[in-house]
Amino acid sequence: MSIFTNRDGSRDGHHKPAGYSAFDLFRRGLLGTQWPRAWRSHDLKPSYDVVIVGGGVHGLATAYYLAANHGITDVAVLEKGYIGGGASGRNTAIIRSNYLTPEGTRFYDRSVKLYETLAADLNFNVMFSQRGHLTLAHSDSALRTSRWRAEVNKLQGVDSEVIGPEEIKKLVPYLDTSEHARYPILGALYHPPGGIIRHDAVVWGYARGADAHGAHIHQNTEVLGIEVANGRVRGVRTNRGDVAAPVVVNCTAGWSSLISEMAGVKLPITTFPLQAAVTEPVRPFLEAVIVSGTLHVYVSQTDRGELVFGASVDPFPSYSMRGSLEFTEGLAGHVLELMPSLAKLRVLRQWAGLCDMTPDFAPIMGITPVEGFYVDVGWGTYGFKAGPVSGETMAQLIATGKTPPLIAAFDLARFAEGRLVGEKGAASVGH
Amino acid sequence: MILIPCPWCGPRNVSEFRYADEAKVRPDPNATTPERWRTYLYMRDNPAGWTTEKWFHRAGCRRYFTLERDTVSNAVRAAEASREV
Amino acid sequence: MAERAPIARSPISPAPPVTVEYGWEISARRTSADLRIMDCTPLVKILVRASIDGGVARALEVPFGRAACDERGVLVVGSGPGEWLLLAPPGAGTETVRRVEEVRDREIVSILDVTHGRALVRISGEEAVDLLAKVCGIDFSDEVTPDGTAFRSSVAKLTTDVVRDDQDGVRSYLLHCERSFGQYLFDSLHDAGDEFGIEIEGFAGSKALSQPG
Amino acid sequence: MRSATVQTRMPMRLGPQPGEVIDRHRPFTFTWNGERYPAFAGDTIISALAASGERVFSRSFKYHRPRGLLTASFLDPGCVVQVNDEPNVRGSHRRVEPGMIVSAQNAWPSLRFDAKSVNRFLGRFLPPGFYYKTFIKPQRLWPAYEKVLQRFAAGGRTFPDSPHGYYDKRYAHPDIVVAGGGPAGMAAAVAAAEAGARVILVEEEYELGGHLRWGSEDELGALRELRDEVARTPGIEVLTNSVVNGRYDGNWVAILQRNLPHVEERLIKARAKVLVVAPGLIERPYVFRGNDLPGVILSTAARRLINLFAVKPGERAVVLTANADGDAAVADLERAGVEVARVEDARRGGDIIGARGRNGVRMVECGDGSRVECDLLVTATGWTAPTSLLNMAGDRPVYNPTAARFFPSRPSDDVLATGGISGDGSLDELLAHARATGQEAARRALKVGSALRAGVPRRVDVEEPPDMPPIEIPELPVVEHPELFQGRTDGIVDFSEDISSKDIVAAAKEGYDSVELMKRYTTATMGPTQGKLETVNAVAILARATGKTIEETGTTVWRPPYAPITLGALAGRNFEPVRYSPMQPWHERHGANPMVAGAWIRPEHYGDPESEARNVRENVGLIDVTPLGKLDLRGPDVPKLLNLLYVNQWNTLEVGKVRYGVMCAEDGVVLDDGVTGRLGPEHYLMTTTTSGAATVWEWIESWLQTEHPDWQVHVTPVTDAYASINIAGPKSRELLLRVAGDVDLSPEAFPYMNVRTGTVAGVEGCFMWRIGFTGELSYEVHVPAAYGLYVWEKLMDRGADLGVKPFGIQAQRILRLEKGHLIVGQDTDGLTGAYSAGLSWAIKLYKEDFIGKPELSWQSECDNSFQLVGLQPHDGSVVPPEASQIVEGENEIAGRITSSCMSPTLGRSICLGFVAPHLAEPGTSVTVLLPNGERTTARVMEYLAHFDPKGERQRG
């Protein structure tokens with residue numbers, strides 16, 4: 001007997017959203033008619049088939065694919081603030097799949113594939129810009145790791161290659177590729193399908209899609225406790241009342257330890273702030289996404305002309321999102337190492353998000369010792385890239401009860417069993 | 001830039017220090033089980049609030065010491081030498 | 001051909017004119033600038049490790065965080081918990097080591113000659129405060145770091161020992177770091193002092209350490 | 001080419017004004033959009049252009065509408081210009097300089113005719129987030145659409161060859177930082193300094209004074225008095241054209257100083273004991289149809305133009321006023337000879353419905369429907385409190401409907417606020433509040449300072465300050481102000497982003513109905529002004545659209561920096577420590593190719609690495625291995641320590657002997673390796689890898705200090721104390737004999753894996769190690785570092801006839817690979833256990849304890865991880881690049897090449913690599929996939945060593 005009451009059953013909540021297209025824009029512009037809500041608000045029901053904790057890209061994608069792929073629509077997504085207000089709205093929106101391990105590469109490649117068709121699938125332009133991704137190597141060991149990644153990637157059918165300073169200079173004329181640089185650029189891992197995306201649009205697109213299929217999105221709804229009895233999850237307590245549910249999914253970032261602890265599940269996670277900054281807009285000059293592991297920095301230019309910067313996580317764990325001056329100082333130094341002519345460019349804003357770091361820099365996905373309580377956590381600095389594929393695989397797991405092969409390596413039990421994932425090798429900074 | 005009260009050098013910028021993990025006890029290597037050992041290796045309390053942790057004054061006295069810190073406000077208190085050498 | 005005595009060299013390339021004195025290749029430059037920087041690497045540097053409250057600690061008298069000149073002209077720096085750095089004129093190494101050897105009791109004591117392991121720079125002049133404020137996060141005001149203060153901190157992102165050792169009432173600081181970083185430290189300090197008109201002064205034993213008295 | 005014309009007159013320049021900041025004796029010209037314009041010293045770029053009658057300074061971001069000046073301050077959204085190679089210069093703040101080349105940024109092809117301004121007619125089709133709703137299908141066209149969108153990116157130009165410029169930073173340790181040099185800031189600074197505090201007073205504009213500067217005679221008098229007080233009070237450091245840019249944890253305050261004589265921008269990092277926030281108030285624009293037309297300006301802008309720059313803002317004005325500042329603007333305008341055609345007093349129901357014009361205001365529709373022709377519309381509709389520094393300190397501002405603005409709510413111990421941000425009142429009331437705030441700040445700061453000093457152990461001279469009672473700070477009155485945000489028509493809310501009130505309402509109706517969602521969806525407040533002008537209006541409009549109050553709607557979180565800051569200033573001198581060996585001058589003179597190895601700069605090769613390697617096998621070579629980590633270990637418990645750190649056994653090492661050791665982490669992963677020698681009964685020298693040196697030392701200290709504080713061991717890093725020279729090759733003994741003084745070098749007296757102390761080239765106290773990474777007879781000599789260059793030169797000199805040559809890292813890597821020595825971090829990775837690295841011979845599980853023992857003992861029972869093996873391609877001419885994958889069947893990864901090279905000695909390619917356990921048997925043939933897509937096969941070898949596997953040469 002299925003625990004999912006609504007599966008393939010009634011289509012109560014289902015509605016067809018207003019279509020988005022140039023024609024609709026024109027029509028509504030001409031008539032001056034208002035666009036309808038992208039997603040609706042609902043009362044919190046006393047029970048759902050599935051409760052998803054966390055209204056970021058992971059939670060919303062899971063809700064969307066539960067409905068779209070498996071017909072499970074009696075789903076609530078509980079978000080303590082506003083949707084996409086956590087890590088989903090604070091990352092630097094870089095998408096890539098050039099990981100070091102075969103399991104990592106396959107997993108993120110699926111994500112890139114889903115991203116490629118996401119705008120059409122969701123009828124929401126997520127502005128995925130596959131402008132190429134360059135991981136610079138400043139030492140021969142970094143170059144070796146680049147080649148290692150390229151070789152593993154190619155074997156998984158992912159487009160990656162190692163290129164030299166001349167080609168790099170052609171792609172990004174602003175880079176100092178001279179031999180005299182303090183950290184000379186010896187080569188780079190070039191990953192043409194990598195790029196950037198409008199992160200908020202992905203969140204909103206999934207929210208709109210999930211809503212259209214009948215899922216309930218509850219903002220300002222904070223989970224205060226998780227009910228567990230006889231080793232089974234029973235539901236959650238929230239600031240708006242209790243909700244019974246046979247399936248509870250922890251899709252949070254930053255608070256994943258705390259949420260899991262509510263269910264009595266301990267995680268190998270340490271939470272670190274990850275900071276980012278954006279400059280004032282300037283005319284487009286930077287096409288590719290640039291990453292330097294040695295200099296702990298990544299840079300891209302948005303369509304609006306701003307440069308978006310990120311770095312590695314803060315040097316000590318914290319739940320603070322206030323940000324630090326040390327971060328922008330270090331960042332600026334490293335950006336100018338790479339592109340010395342940008343000294344007059346101004347930083348406009350800095351912010352921070354929270355990253356749940358695991359010992360092997362790979363996520364924790366799947367079942368837990370508490371039946372019905374699933375985790376999709378421990379995303380470190382890679383969570384946003386994995387949004388679609390995580391939603392797809394978590395939905396599959398919840399619907400079928402079977403762990404999809406794509407995420408088998410990311411199970412929680414691997415730590416107790418000493419089977420760590422090998423992504424640690426290349427992960428000092430890897431956006 | 002928070003100030004870390006080094007028990008030897010006094011309050012210094014956190015950039016002089018290295019965070020050296022949550023304070024925890026190493027199991028007896030000859031009597032441990034894989035579960036217990038790997039809990040020691042990998043599991044963390046990771047609380048949002050006060051916690052006890054180990055720090056190293058890398059650019060100062062080069063001493064390890066324990067420190068209590070609120071991971072939300074980053075307030076610190078009661079640093080004491082981990083053990084006198 | 002007779003073997004010449006080996007020549008010792010500082011990691012900091014000497015500003016011309018260059019000469020050899022005390023067995024070291026040094027700069028013979030002189031200046032009357034108010035703010036001066038001197039490579040003092042040729043000074044003897046003895047590192048002593050002992051317990052915080054043992055016989056050596058009692059004999060050396062200087063606690064961690066302070067520095068004082070003893071009656072023989074050796075600057076004793078309490079450079080760490082249970083760690084001292086003794087700075088003495090060139091050639092005074094053996095004598096300095098012997099004196100520490102004498103006072104050790106049953107505790108474990110390590111005495112290492114790190115003359116070759118460290119680069120040592122002195123900055124003198126009232127504007128040294130402003131210079132150091134550009135490279136170090138420590139408060140150099142008299143209330144916080146009076147004459148005779150010793151500490152280790154980050155200077156131009158480099159772990160550096162700093163000793164405030166005023167000379168004839170003029171503000172002066174000794175800075176020392178691992179030898180291989182010497183040129184970097186010197187260049188960073190020189191660059192930071194540029195706006196205050198800093199000039200290089202060649203090594204002179206008499207100026208590198210305050211005279212006892 | 002059009003020849004440059006010169007404007008000689010400044011038609012809008014007024015006669016001398018009492019508070020003017022221009023120097024009429026210093027006229028000069030500068031260039032604006034290719035034409036020369038006159039200016040006086042003290043003019044801003046925009047004030048000079050306005051004096052010449054210019055009104056349009058940019059085109060708006062989305063609709064390319066003409067934009068003029070609005071605030072005449074740093075925030076002025078339409079006055080952002082390009083100056084030489086510097087983008088996004090705030091034209092209403094930056095002082096113009098002789099010869100400056102200034103151009104408009106967001107106009108194509110020219111400011112006067114902007115082709116993209118057609119967008120303004122398309123506005124109805126471009127609602128907020130329109131790009132999310134279109135360009136969806138067909139997908140393949142999106143990149144082309146994206147290019148079009150990018151063309152609309154606002155902002156100036158950067159250039160790939162712009163010089164970096166000189167930037168630096170400094171630290172400061174004031175008792176108090178006062179943010180804002182208006183009357184309140186000045187009074188607070190003076191009061192605090194008088195109470196004995198050291199104060200940094202920071203003012204964003206070029207002079208202290210705030211709004212007093214454009215005020216009445218009385219206000220100018222008060223200003224003079226306050227400036228005098230500041231000047232004569234010791235302990236105040238005044239920073240003008242500077243801004244407090246952020247307040248971070250620990251009251252770490254970032255101050256940006258601009259345009260210093262020797263530095264373009266300087267970042268000051270101040271450890272403030274107390275931060276006093278006195279930024280004054282920012283005048284808020286009013287939202288109505290046409291509110292972004294050139295000629296629509298704020299009352300403070302009008303007053304600044306007239307009183308500071310002696311510029312007449314227009315000829316005929318309509319004024320909408322809701323407060324005393326608006327009234328004062330009317331008086332100023334009249335005094336400046338501007339005809340004030342109409343005053344709409346909002347306190348009595350006056351309003352503006354809209355403004356019309358093409359490139360500037362031509363006509364204004366007033367609240368009663370009447371139309372007034374004019375070229376200037378001045379609004380005074382209220383204030384925004386710049387609470388961002390308080391916000392960064394954890395304060396959540398609260399909306400007060402009486403005053404129609406937000407106020408700070410929860411003061412913290414180390415941050416105080418004063419001035420207009422805290423309330424209204426007369427100048428005297430403000431000054432009284434500021435003085436009390438300054439005194440209270442001083443009281444708290446002195447207490448914090450003494451506690452900080454007392455926190456330093458072993459300081460004897462800390463005096464306890466007398467415990468003073470808190471100073472009572474009087475409450476400031478709150479004056480009633482009409483709530484004016486949006487009038488009866490729609491207009492621009494965010495001038496930088498071109499977001500209208502309609503856009504915000506539309507976003508709310510679509511569900512983006514919380515402040516943060518609205519902000520992200522419309523991008524309102526995300527532009528260069530970061531919400532300082534537009535946040536409150538945006539919140540008010542959103543509140544109305546959602547039927548909530550402004551209190552319920554709340555405001556966005558302000559994030560640092562307060563004002564944009566250059567990457568140059570943030571980076572400063574960009575300190576990156578570098579390390580050199582004592583032999584560096586020699587390497588440079590002899591053409592060494594530098595290689596960056598962490599902080600070290602090392603010789604990679606001297607031109608021909610293969611012949612360097614061959615020379616080691618045939619004659620003798622010298623390599624500078626100074627960066628090798630070296631730790632001096634002393635004390636009776638060193639063997640205990642070594643047994644803990646290394647996986648192998650250390651109880652039995654005799655004096656003069658050397659042993660190779662491997663360290664693992666607690667998870668059994670290989671951490672580092674090296675040799676350790678026993679120099680005396682209780683004296684050892686440990687070597688580590690270069691990259692591991694610092695980590696290993698801290699690691700050892702951790703074990704000693706926290707797990708075994710009772711052990712009697714001193715560990716001292718001595719890496720730099722010795723220049724390390726490896727003399728390698730069959731003739732190395734002969735060479736060393738020529739310079740070694742007192743050590744018997746015969747193989748019997750000084751066999752392999754031994755260490756001796758003695759004299760080399762007349763230098764005493766050298767250590768000589770008979771070890772060999774290269775596989776040759778070799779001696780590693782550690783020379784007291786100051787003599788390193790001397791000894792190296794001696795060796796080169798004395799060995800000339802033996803064929804001595806230097807060799808670099810690259811040759812050393814060839815030699816060690818021939819010899820099969822692994823490099824931790826290259827032939828191992830972050831998860832390689834000691835067993836899979838082929839180190840099982842070293843692991844002594846019977847030892848009572850060593851780091852990683854439990855994991856290694858479990859690994860010893862079942863290890864199915866990849867194994868490190870020697871590999872030789874069947875085709876010896878093929879060198880599989882390092883990281884080439886070893887594959888099986890259908891592209892299944894079954895290993896990888898970790899090291900490879902063409903062996904000069906063997907004349908064939910050789911490798912180390914990982915293979916799956918079932919492929920590890922010697923003689924197995926494996927398939928290697930080369931990066932170019934081709935495949936080759938290689939044989940698994942019996943030994944890791946390809947050359948002299950028995951080690952006869954190094955033992956010779």
Side-chain angles (χ1 to χ4, degrees), chain A residues 20-22 25-26 29 34-35 37-39 82 85 102 119-120 123-125 129 139 141 144 147-148 151-152 155 173-174 182-184 200-201 280-285 303-305 322-325 328-329 332-333 335-336 340-351 420 422 424-425, chain D residues 86-88 124-125 130-137 139 146 149-150 153-162 164-165 246 248-249 252 254 269 509-511 514 516-517 520 528 530 559-561 564-568 570-571 574 576 596 825-826 829-831 881-885 891 893 931:
Chain A
Y20 288 169
S21 71
L25 266 179
F26 179 72
Q34 178 61 49
W35 288 90
R37 289 186 71 89
W39 56 87
Y82 58 95
N123 180 232
F124 200 107
N125 191 351
S129 175
S139 66
S141 69
R144 203 176 302 119
R147 197 175 300 117
W148 183 0
E151 293 311 302
V152 171
L155 281 168
Y174 276 62
R182 173 68 182 83
Y183 296 103
D200 291 330
E280 296 184 337
V282 285
R283 298 266 148 210
F285 71 91
D303 289 339
R304 288 158 51 82
R322 292 178 296 277
S324 69
L325 182 62
T328 40
E329 291 181 85
V335 169
L336 294 183
S341 66
L342 296 182
K344 293 187 175 100
L345 190 57
R346 290 181 176 81
V347 170
L348 190 57
R349 180 174 68 246
Q350 70 177 102
W351 68 92
L420 271 56
K424 203 174 171 180
Chain D
E86 183 179 356
N88 303 331
R124 63 190 314 170
F125 307 114
F130 72 89
Y131 28 81
Y132 301 131
K133 296 194 176 83
T134 183
F135 310 140
I136 296 171
K137 286 179 177 171
Q139 191 123 14
E146 191 187 9
L149 274 185
Q150 282 176 352
R157 303 176 72 86
T158 55
F159 300 87
D161 49 357
S162 286
H164 182 291
Y248 299 90
D249 284 355
W252 190 243
K269 297 180 273 182
K509 300 275 183 241
E510 277 192 71
S514 65
E516 289 290 346
L517 283 175
R520 285 155 183 272
Q530 288 287 291
R559 300 182 194 287
I565 175 170
T566 58
L567 291 171
L570 283 168
N574 204 10
E576 288 277 354
V596 177
Q826 174 168 348
D829 63 57
L831 289 176
E882 289 165 358
S884 295
Q885 298 295 301
N891 284 346
I893 294 173

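Residue numbering restarts at 1 for every chain, and letters A, B, ... go by the order of the sequence lines. Only a predicted model underlies this, so the values are computations on that prediction, with no experimental measurement involved. When reading the values below, keep in mind they use all heavy atoms of this one structure, side chains included, and skip hydrogens, waters and symmetry mates.
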Let me see the working for Tyr131(D) and Asp303(A) under side-chain contact (heavy atoms from CB on, under 4.5 Å), right down to the final yes or no.
CA-CA 11 Å; Tyr131(D) 28 81; Asp303(A) 289 339; over 6 Å; no
So do Pro931(D) and Glu151(A) actually touch side chain to side chain, heavy atoms under 4.5 Å?
yes
With a 4.0 Å cut-off on N to O distance, would you call Glu86(D) and Lys344(A) a salt bridge?
no
Which one, Pro87(D), Ser884(D), Gly155(D), Pro560(D), leads in non-hydrogen pairs under 4.5 Å with chain A?
Pro560(D)
side-chain contact (heavy atoms from CB on, under 4.5 Å) filter on Phe26(A), not counting sequence neighbours, yields Leu30(A), Phe125(D)
Who wins among Pro160(D), Pro881(D), Ala254(D) for the most heavy-atom pairs under 4.5 Å with chain A?
Pro160(D)
For Gln34(A), is it the side chain, the backbone, both, or neither that has a heavy atom closer than 4.5 Å to a heavy atom of chain D?
side chain
Winner by heavy-atom pair count (cut-off under 4.5 Å) against chain D, out of Leu345(A), Leu25(A), Val335(A), Leu325(A)
Leu325(A)
Is Ser514(D) in contact with chain A via its backbone, its side chain, both, or neither, using a 4.5 Å heavy-atom distance?
side chain
For chain A, which candidate among Thr158(D), Asp161(D), Asn891(D), Asn574(D) shows the most heavy-atom pairs at distances under 4.5 Å?
Thr158(D)
When rounded to the nearest 0.5 angstrom, what distance separates CD in Gln530(D) from CZ in Arg349(A)?
4.5 Å
Once you round to the nearest 0.5 Å, how far does OH of Tyr183(A) lie from CD of Glu576(D)?
4.0 Å
Which atoms of Ile893(D) are under 4.5 Å from chain A, going by heavy atoms: the side chain, the backbone, both sets, or neither?
side chain
Tell me, for Asp249(D) versus chain A, whether the close heavy atoms (under 4.5 Å) come from the side chain, the backbone, both or neither.
side chain
Selection from Pro561(D), Gly165(D), Gly825(D) maximising heavy-atom pairs under 4.5 Å formed with chain A
Pro561(D)
Atom of Ala571(D), atom of Leu336(A) and distance for their closest heavy-atom approach
CB-CD1, 3.8 Å
Please report the C-alpha distance between Trp148(A) and Gln885(D) in whole Å, then the side-chain angles of each, then the deciding distance to 0.1 Å, and finally whether the side-chain contact (heavy atoms from CB on, under 4.5 Å) criterion is met.
CA-CA 8 Å; Trp148(A) 183 0; Gln885(D) 298 295 301; 3.3 Å; yes
Would you please name every residue forming a side-chain contact (heavy atoms from CB on, under 4.5 Å) with Arg37(A), sequence neighbours left out?
Ser41(A), Asp513(D)
Of all of Pro184(A), Gly333(A), Ala201(A), which one pairs up most often with chain D through heavy atoms under 4.5 Å apart?
Gly333(A)
Show your reasoning for whether side-chain contact (heavy atoms from CB on, under 4.5 Å) applies to Leu342(A) and Thr566(D).
CA-CA 9 Å; Leu342(A) 296 182; Thr566(D) 58; over 6 Å; no
Value rounded to 0.5 Å, distance of NE2 in His164(D) from OG in Ser341(A):
9.5 Å
Scored by heavy-atom pairs under 4.5 Å with chain D, the best of Ala120(A), Pro173(A), Ser139(A), Gly305(A) is Ala120(A)
For chain D, which of Phe124(A), Trp351(A), Phe285(A) has the most heavy-atom pairs under 4.5 Å?
Phe124(A)
Max heavy-atom pairs within cutoff under 4.5 Å with chain D, candidates Ser129(A), Pro102(A), Gly85(A), goes to Ser129(A)
Which pair of non-hydrogen atoms, one from Gln350(A) and one from Arg559(D), has the smallest distance, and what is that distance?
O-CD, 3.2 Å
Between Leu567(D), Val596(D), Leu517(D), who has the most heavy-atom pairs with chain A when the cutoff is under 4.5 Å?
Leu567(D)
For Ile565(D) and Arg346(A), what are the C-alpha separation, side-chain angles and deciding distance, and is it a side-chain contact (heavy atoms from CB on, under 4.5 Å)?
CA-CA 5 Å; Ile565(D) 175 170; Arg346(A) 290 181 176 81; 5.9 Å; no
